[in-house]
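To start, the structure itself, in structure tokens.
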Amino acid sequence: MVTSTITVPRSNVTADEVTAVLRGRLGSRYTITPGKRAKGFGKEVSGDANSLLVAGSWLERATVEIAGLEHGTEIKVSPGATYFGLIRLAHRIGLVRKIHNALAQAPELAGAPE
């Protein structure tokens, strides 16, 4: 599976903070559901406290996973559409890229929490 990874310098970034960044940068077109994961077209399954489901249409879905590092936080974004051939397209022009850009450009994830 194609996964996009962002490493931010701040440790202990929370799912709530990532959710706030994505809601602010992606707008109301996308629904963000903490504790869920995308699985195939239009399917969702339970995740954990460090996972988020970001959904637009049934095809536009991605899972965001947050993992603490010793000096920072790693955020992985995986496409929800896993049908052969669509993974690359979804990664290059779709939701995964939008999420990656939104998180990589978020100064609120780089500094100390407010």
side-chain contact (heavy atoms from CB on, under 4.5 Å) between Thr5 and Ile75: does it pass, once the steps are laid out? CA-CA 6 Å; Thr5 303; Ile75 305 169; over 6 Å; no

Can you name the nearest heavy-atom pair linking Lys36 to Ser51, along with the distance? O-OG, 3.7 Å

Return the NZ to CG distance between Lys76 and Asn50, rounded to the nearest 0.5 Å. 12.5 Å

Can you tell me how far the OG1 atom of Thr31 sits from the CG atom of Leu22, to the nearest 0.5 Å? 12.0 Å

Is there a side-chain contact between Ile32 and Arg23 (heavy atoms, below 4.5 Å)? yes

Quick check: do Glu65 and Glu74 have side-chain heavy atoms less than 4.5 Å from each other? no

Test item: Val54 and Leu26 side chains (from C-beta on) under 4.5 Å apart, heavy atoms: yes

What distance do Leu52 atom CG and Arg37 atom CZ have between them, rounded to the nearest 0.5 Å? 10.5 Å

Pairwise side-chain contact, Arg10 with Glu108, heavy-atom cut-off 4.5 Å (strictly under): no

For the residue pair Thr73 and Val13, what are the closest heavy atoms and their distance? OG1-N, 3.4 Å

Do the side chains of Glu60 and Lys98 get close enough for a salt bridge, i.e. N-O under 4.0 angstrom? yes

Of all heavy-atom pairs between Val21 and Ala102, which one has the smallest distance, and what is that distance? CG1-O, 4.0 Å

Please report the interatomic distance NE2(His71) to OG(Ser11), rounded to the nearest 0.5 Å. 7.5 Å

With a 4.5 Å heavy-atom cut-off, do Ile66 and Thr14 have their side chains touching? no

Just verifying a value: how many Å separate Tyr30 OH and Leu95 CG, rounded to the nearest 0.5 Å? 5.5 Å

Considering all heavy atoms of both residues, which atom of Ala104 and which atom of Ile6 are nearest to each other, and what is their separation? CA-CG2, 4.1 Å

Leu109 vs Leu103 side-chain heavy atoms within contact, under 4.5 Å: yes

